[in-house]
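Each remark here refers to the structure printed beneath this line.
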Amino acid sequence: WNAAICLAGEAGLRVGEVKALRWREDVDMIARTITVNIQSCNGVVTTPKGRTRRTIPMTPKLHDALKRLSVVREGLVVRSFAGEGYSDSQCDKQLRRICRRAGLPIRSWHTMRHSFGTHAAMFGVNPWRLQAWLGHKRIDETMLYVHVAEANMRERPEVGRAAGAAESDPDRRVIAMLGARGKILPRAEAVTEETAAIARS
């Protein structure tokens, strides 16, 4: 389920695309890319919503989550211990359970997709690149994320800036910054009166 959540939140996949993702056909661990070819909705496998095949680069966090899966890399990526895919209701139930156990408000799978798109826009991704990553048919769909990002713009977190600083390619910079979300940079310990007194003694 950690891998499923990373696919939604770190690559912007819809839940139907997460359920249908296959190791051999869709995941390239060497190139670090996810290719969305199909989706599964109510047990029916179809083309993705935008009817277009798309390839999304993996963030470091997503790559690590997939690498940690202790499964033979055949068949579905997200599956039961018996190797079977999950139903829509099973995925929704599991996400509600995860939110409750983490003490978070109940959210939908699509919320993570929205977070990916909005954060990518905040980190300065080219809107047409974001359109390709999200699989939108029209640029005006993608621009909704850009407008939300512009309306709520804030200073980029230090950890994100540090992660993106090493990348000269704009797309790779955004992917590095997206992958750094949730990380905390180590800080120098603050010197209090008490620690100063201990040091003097």
Side-chain angles (χ1 to χ4, degrees), residues 1-15 17-19 21 26-29 31-36 54-69 77-78 91-92 94-136 141-188:
W1 289 109
N2 178 54
I5 287 170
C6 285
L7 286 164
E10 298 285 316
L13 270 63
R14 301 174 180 94
V15 65
E17 297 165 349
V18 171
K19 289 186 299 174
L21 199 72
D26 308 324
V27 179
D28 188 333
M29 294 296 284
R32 298 190 175 208
T33 59
I34 296 290
T35 300
V36 176
R54 69 186 195 275
T55 300
I56 308 113
M58 293 184 199
T59 65
K61 191 180 295 181
L62 173 55
H63 185 262
D64 289 345
L66 293 174
K67 199 163 62 173
R68 283 198 305 269
L69 288 175
V77 175
V78 178
C91 287
D92 292 341
Q94 187 64 28
L95 184 59
R96 288 194 298 270
R97 179 174 170 268
I98 290 167
C99 289
R100 282 195 299 270
R101 292 192 67 178
L104 298 170
I106 304 298
R107 293 288 184 258
S108 71
W109 287 94
H110 218 67
T111 301
M112 289 179 277
R113 175 175 163 83
H114 289 319
S115 296
F116 171 83
T118 305
H119 290 162
M122 284 181 170
F123 295 153
V125 72
N126 180 298
W128 286 271
R129 178 66 68 202
L130 183 58
Q131 179 187 14
W133 289 350
L134 291 173
H136 290 154
E141 294 178 81
T142 310
M143 290 307 291
L144 293 172
Y145 292 93
V146 176
H147 296 324
V148 168
E150 286 174 348
N152 296 280
M153 193 55 73
R154 61 194 75 163
E155 186 179 354
R156 294 172 185 170
E158 183 184 347
V159 67
R161 291 197 309 270
E167 297 289 350
S168 57
D169 179 79
D171 293 341
R172 287 184 184 165
R173 186 181 311 123
V174 170
I175 289 297
M177 293 170 77
L178 286 167
R181 293 175 299 167
K183 288 185 181 176
I184 300 172
L185 284 178
R187 303 185 192 176

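Since the structure is predicted, the reported quantities are computational estimates derived from the model, not experimental observations.
Atoms OG1 and CZ, from T111 and F116 in turn, are 15.5 Å apart once rounded to the nearest 0.5 Å. In this structure, CH2 on W133 lies 4.0 Å from CD1 on I175, to the nearest 0.5 angstrom. From D64, atom CG reaches atom SG of C6 across 9.0 Å, with rounding to the nearest 0.5 Å. In this structure, CG on L134 lies 10.0 Å from NE2 on H114, to the nearest 0.5 angstrom.
Contact record, K61 with G179: CE-O, 3.5 Å, taken as the closest heavy-atom pair. Here the shortest heavy-atom pairing between L62 and A11 reads CD2-CB, 3.9 Å. Closest approach of P127 and T142 over heavy atoms only: O-CG2, 3.5 Å. Taking both residues in full, the closest heavy atoms of G124 and V174 are given as C-CG2, 4.2 Å, listed atom of the first, atom of the second, then distance.
Between the K67 side chain and the M29 main chain, no donor and acceptor come within less than 3.5 Å of each other. Looking at R54, its side chain never comes within 3.5 Å of a backbone N or O of T35 through a donor-acceptor pair. Under the 3.5 Å distance criterion, the side-chain polar atoms of R173 are matched with a main-chain donor or acceptor of E167.
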Q: Determine, step by step, whether M122 and N152 satisfy the side chain to side chain contact (heavy atoms under 4.5 Å, CB included) criterion, reporting the C-alpha distance in whole Å, the side-chain angles of both residues, the deciding distance to 0.1 Å, and the verdict.
A: CA-CA 9 Å; M122 284 181 170; N152 296 280; 4.0 Å; yes

**Q.** Test side chain to side chain contact (heavy atoms under 4.5 Å, CB included) applied to I34 and E17, step by step
**A.** CA-CA 11 Å; I34 296 290; E17 297 165 349; over 6 Å; no

Q: Check the pair E10 / R181 against side chain to side chain contact (heavy atoms under 4.5 Å, CB included), numbers first and verdict last.
A: CA-CA 9 Å; E10 298 285 316; R181 293 175 299 167; 3.2 Å; yes

Show me the donor-acceptor pairs, under 3.5 Å and distance only, between side chains in residues 96-105 and residues at least two apart or in other chains.
none

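In this structure A121 satisfies the side-chain contact (heavy atoms from CB on, under 4.5 Å) test together with L130, V146, A149, sequence neighbours excluded. Residues meeting the side-chain contact (heavy atoms from CB on, under 4.5 Å) test with M112, sequence neighbours left out: I5, A8, L95, W109. Remark: H63 engages no residue in a ring-ring contact (aromatic ring centres under 6.0 Å, His included) (not counting sequence neighbours). With sequence neighbours excluded, no residue forms a ring-ring contact (aromatic ring centres under 6.0 Å, His included) with H147.
Annotation: side chain of V36 is not in contact with side chain of D26 (no heavy-atom distance under 4.5 Å). In this structure, W1 and C91 have side chains that are in contact, with non-hydrogen atoms separated by less than 4.5 Å. With a 4.5 Å cut-off on side-chain heavy atoms, L13 and I56 count as touching.
Here salt bridge (Lys or Arg N to Asp or Glu O under 4.0 Å) pairs that include residues 104-129, with residues two or more places apart or in two chains, are R129-D171.
Under the 30°/60° scheme for interplanar angles, the aromatic rings of Y145 and H136 are found to lie parallel.
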